[in-house]
Every structure is written in C-alpha cells, then in structure tokens.
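Read through the structure below, which is laid out as structure tokens, and then see the notes.
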Amino acid sequence: MATSPLSLTSKPPSITRLRHQRPPLTTVRVSAATVTTTTGMPDHHHPSLEITGGGADRFLPAFNTLHLPYKPFPIIGWNRHLETIFAAFFRNVPEVKYRRECLRTQDNGTIALDWVFGDHRSLPSDSPILILLPGLTGGSQDSYVKHMLVKAKSKGWRVVVFNSRGCANSPVTTPQLQTASFTADTCHVVDHVSSRYPKASIYAVGWSLGGNILVNYLGREHHRCSLSGAVSLCNPFNLVIADENLRKGFNNIYDRALRGGLSRTFDKHASLFEEMHDEYNVQAGLNPRTVREYDEAITRVSLGYKSVDEYYSNSCSCHVVKHVRIPLLCIQAANDPIAPIEATPYSDIKDNPNCMLIVTPQGGHLGWVAGDDAPFGAPWTDNVVIEFLEHMQKNASKPESS
C-alpha cells in the first residue's frame, strides 16, 4: 500500500480550521433546453457535474467531454471506499521506460526527475512539457501517474515525473523528505526544465498532496512562475480539515496505509536524522501510529515548525488560491474520503478569473472509475485534463527566453 495512490500562508489557526462553505449551485441554472451560467453565456456541461470558478466561462470551450453525464462504473463507483481501494490495487499499470535525472538543490538535497526514455531524441525541442507531481509517498511507478503520462505522450507532449524527496527510491542526501509546503524544490524543477527547453511551454499536473504542493507553488511564487497552465486533482487544500477527517471511522484504514508508506521510506534514511539535534523523534518516525504522529516527529521538525498543527496550518494551499495568476483547473470528487469537499476554497476559486473547479458526484480519492476505460483503465479525469492542457497550449504564447 506504500506506493498506492492513497496520497494525501500565514495563518491564524482559528481561520484555517474554518470549513469552506460549499455554496448552493447558484453559479449554474439548469433548464430542460440548455444549461446557462449566471453570466448568460451558453454552458454545455452536463448537470451531473458541478462547475464554477472565475475562469469557467473562459475555459469551458476547451472541453468536448463535459456535456456527457458522469456515469460511475456499476457497483465499484457507487461506494467511495470501494472505488478508492479498487483504483489503488486493481487499475492496470501501463509499461513506461524512464530515464532518471537527479538534481542537487541549494541545501544539498536531491530531487529525482523521471523522463520518458527516448523522448529527448524523438521530440522537437519546442514540444510542450508536462511535469507530473504524485501524491504522498507516490512516484513515477504509480498507475494514475503512468496513465496520465501515456495519454499526454500520445498527444506529442514531453512528460517528466517530479518525485519528491525520498519517493520512488530517489536518493536522500539531507534530513528532509516529502513535505506539503516546501515550494523551493518545485521552483528548482520548473527552473531547470525551463532552462533545458527554453522554447517549450511548460505545464504541471498534481494529485492529492502533489496537488497541494503545486497550488502552493502557483500562489506563493506567482511573481516568478513560468508555467503556462496547471491542473490540481483530489487536492486536500486545507490540511487541518484533512487531518481531522483522516482519523474518522473507516478513514483510519487510509491513515494506516499512508503512515506505513511514510515509515518505510523514513526507515531507509533514518541514519541521516539520527545525526541531527534531539528534536527529531526517530523512534516515532520509524513506528508512527498515525500520519499526524509521523509529521509531529519528523516533518514539522525538518521545516522548523514548533508543532504539527503549525505545519498543517501553514501548508494549506486554500490560502493562496486567490494569488494564482495562470490558468488552473481543479478537479475534486464530492465523496472523496481523503480530500474532503468541505475543504475546497469555493469562494476564492469563484473570485479568481484564472481558476475553474469541476466537482464530480462520485470518484473517491484518485478513483474516478468511470468513462470508456473503466474499470481497469485510465481514470475519467485523464481526458478532461488533456482537453484543458491542449486548449491552453493552442492559445499559449511561447516564452521568449529561459
């Protein structure tokens, strides 16, 4: 389960803990003849999908699939837990051959980039580039990553997987592993890819915690972001709410799976942390009872936070959505057990002319077992993401220099 896709700024905490109000569907009026937005513009998406956002009117022409109803695969797609677990264990995994490149960061850390083998010789230098950010403990080996990669590659895109520190068997050279709020590595990767392919437009897709990392980067680094567009899927957005949600009822099974993946990764590199000051609780990192306990023992210390609550509060990407300055598509499932829908910053997405949100009625966490490829093939979201990215690329202006 460690490598399965069960991945998960100033505060005050009192504001962070407030659940985002999910508004009634006042942004869309459904009639028998057509679906019309409050702006009066024709909106050809199916009423089974909830769509909002300040950029929705601008981005809706990109999609050819949203006029169809969202139809979850029978039985599997009717229960959020069954769908989440089925997608994690039974979705097929495409064959992909990678070429790994390791980058050294300013703090002497190591980032592993997995490029598709042979693309550096076969694709033009100005081919659009897609950077993929997997979820918590995830990496280039995961099925949902490979399906998106194969879909983008079939359209002529150059794809690279950004494996966070310690993920996908990447080398670890400093006492820091994957975190939800550290955007310096994302800056480093985007800058590196931009300098390597200065004629190409660059985009990014992030899932779960990778989506949170991506949106944090887009909001915090908006003044220097060189991406032309981005997509966030199953983003927990508010880690305080997600943490509380993860420890409720059946969700404990996901908490156990995730903390198991975290502790196994930490076990490989524990010696780096043992040599540091006494703040690290190495034993708790090796045998955490929950994800929260692991983050208290290891993650928050590596980032200098005084408590795990401070770390979660300062890592919420919901706080920075309003600062995003490039086209951003967010896709959430209303029944996601790990990224609860009430954490989604509806108001800020609606107020930002660069953002669009699609909420499906089912989907679980990284499931979306629906569409023509269900149940074992690519998730329903892949075609939607590709349509958005292709539309952005068609209208993108090439960067003048690296």
Side-chain angles (χ1 to χ4, degrees), residues 1-8 83-101 111-119 128-155 157-170 178 180 185-186 189-190 193 202-215 217 227 230-236 257-258 261 265 329 331 333 336 338-339 363-369 371 373 376-386 388-389:
M1 195 79 169
T3 58
S4 70
L6 299 181
S7 312
L8 274 173
E83 184 168 17
T84 299
I85 295 170
F86 178 90
F89 288 102
F90 300 107
R91 177 168 278 151
N92 61 39
V93 183
E95 282 291 326
V96 178
K97 187 176 182 181
Y98 292 113
R99 175 179 57 85
R100 174 157 288 189
E101 177 185 18
I111 303 168
L113 300 181
D114 285 335
W115 301 83
V116 178
F117 184 83
D119 278 0
I129 299 173
L130 184 59
I131 302 173
L132 305 181
L133 289 78
L136 182 61
T137 73
S140 56
Q141 75 281 355
D142 287 324
S143 63
Y144 64 95
V145 174
K146 288 186 172 182
H147 275 292
M148 185 74 258
L149 182 154
V150 169
K151 183 77 69 173
K153 179 175 169 55
S154 71
K155 300 290 185 179
W157 288 58
R158 189 188 313 276
V159 188
V160 57
V161 184
F162 167 21
N163 299 294
S164 292
R165 300 191 191 199
C167 295
N169 294 315
S170 58
Q178 185 182 32
D185 284 356
T186 309
V189 169
V190 174
V193 174
I202 304 172
Y203 304 79
V205 173
W207 293 267
S208 196
L209 195 73
N212 190 77
I213 294 169
L214 176 59
V215 174
Y217 163 75
L227 296 178
V231 182
S232 161
L233 303 102
C234 285
N235 186 345
L258 291 169
T265 299
L329 172 64
I331 309 180
D336 193 319
I338 295 176
H365 189 70
L366 296 175
W368 284 302
V369 183
D373 295 326
F376 298 105
W380 173 87
T381 48
D382 279 12
N383 286 328
V384 178
V385 172
I386 284 296
F388 176 77
L389 294 175

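Reckoned from all heavy atoms, side chains included, excluding hydrogens, waters and symmetry mates. Quick caveat: nothing in here was measured; it's all calculated off a predicted structure.
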Counterpart residues, ring-ring contact (aromatic ring centres under 6.0 Å, His included), relative to Phe117 (two or more places apart): none
So Val205 and Leu133, do their side chains get closer than 4.5 Å, heavy atoms only? no
Residues in ring-ring contact (aromatic ring centres under 6.0 Å, His included) contact with Tyr217, at least two apart in sequence or another chain: none
Ala339 to Cys234 - nearest heavy-atom pair and separation: CB-O, 3.5 Å
Side chain to side chain contact (heavy atoms under 4.5 Å, CB included), that's the test. Do Leu130 and Ile202 meet it? Break it down for me. CA-CA 6 Å; Leu130 184 59; Ile202 304 172; over 6 Å; no
Distance col, row Leu132:CG vs Lys146:NZ, nearest 0.5 angstrom, shows 12.5 Å
Of the non-hydrogen atoms in Cys167 and Gly138, which two are nearest, and what is the gap between them? CB-O, 3.3 Å
ring-ring contact (aromatic ring centres under 6.0 Å, His included) with Tyr203: which residues, sequence neighbours excluded? Trp157
Distance col, row Trp115:CH2 vs Ser140:OG, nearest 0.5 angstrom, shows 13.5 Å
Separation between CG (Asp382) and CG (Asp373), nearest 0.5 Å, reads 8.0 Å
ring-ring contact (aromatic ring centres under 6.0 Å, His included) with Tyr98: which residues, sequence neighbours excluded? none
Going by the angle between their ring planes, with limits at 30° and 60°, are Trp207 and Tyr144 parallel, tilted or perpendicular? perpendicular
Residue set satisfying side-chain hydrogen bond (donor to acceptor under 3.5 Å, both in side chains) with Asn383, at least two apart, ordered chain then number -> Lys151
If you look at every heavy atom in Ala87 and Ser143, which pair is closest and at what distance? O-OG, 4.1 Å
Distance (rounded to the nearest 0.5 Å) between Leu233 CG and Ile331 CD1: 4.5 Å
Where the side chain of Glu83 meets the backbone of His365, is there a donor-acceptor pair that is under 3.5 Å apart? no
Donor-acceptor pair, side chain of His147 and main chain of Arg91, under 3.5 angstrom: no
Which heavy atom of Phe376 sits nearest to which heavy atom of Phe90, and what is that distance? CD2-O, 3.2 Å
Return the set of residues passing side-chain hydrogen bond (donor to acceptor under 3.5 Å, both in side chains) with Thr265 (not counting sequence neighbours), or none when no residue passes. none
Taking atom CD of Gln178 and atom OG of Ser170, what is their separation to the nearest 0.5 Å? 9.5 Å
Not counting sequence neighbours, which residues clear salt bridge (charged side-chain N to carboxylate O under 4.0 Å, His left out) with Asp336? List them please. none
Evaluate the criterion side chain to side chain contact (heavy atoms under 4.5 Å, CB included) for residue pair Ile129 and Val193; output intermediate values, then yes/no. CA-CA 9 Å; Ile129 299 173; Val193 174; 3.8 Å; yes
If you look at every heavy atom in Thr84 and Gly364, which pair is closest and at what distance? OG1-CA, 3.5 Å
Quick check against the 3.5 Å criterion: does Asp142 have a side-chain atom that pairs as donor or acceptor with the backbone of Gly139? yes
For Asn169, what residues pass the side chain to side chain contact (heavy atoms under 4.5 Å, CB included) criterion, not counting sequence neighbours? Lys268
Taking every heavy atom of Val159 against every heavy atom of Ala152, the minimum-distance pair comes out as CG2-CB, 3.8 Å
By side chain to side chain contact (heavy atoms under 4.5 Å, CB included) - contacts of Ala230 (at least two apart): Leu214, Leu218, Ile326, Leu328
Distance in Å, Leu149 CG paired with Arg158 CZ, rounded so as to fall on 0.5 Å steps: 12.5 Å
For Trp368, the side-chain hydrogen bond (donor to acceptor under 3.5 Å, both in side chains) test, sequence neighbours excluded, returns Thr360
Determine whether Phe162 and Ile111 satisfy the following criterion, side chain to side chain contact (heavy atoms under 4.5 Å, CB included), listing intermediate values before the conclusion. CA-CA 8 Å; Phe162 167 21; Ile111 303 168; 3.4 Å; yes
Under 3.5 Å: donor-acceptor pair, side chain of Glu101, backbone of Asp114: no
By salt bridge (charged side-chain N to carboxylate O under 4.0 Å, His left out), Arg99 pairs with (sequence neighbours left out) none
Let's go through Leu113 and Asn163 carefully: what are the C-alpha distance in whole Å and the side-chain angles of both, what is the deciding distance for side chain to side chain contact (heavy atoms under 4.5 Å, CB included) to 0.1 Å, and is it a yes or a no? CA-CA 6 Å; Leu113 300 181; Asn163 299 294; over 6 Å; no
Test side-chain hydrogen bond (donor to acceptor under 3.5 Å, both in side chains) applied to Asp185 - qualifying residues, sequence neighbours left out: Arg165
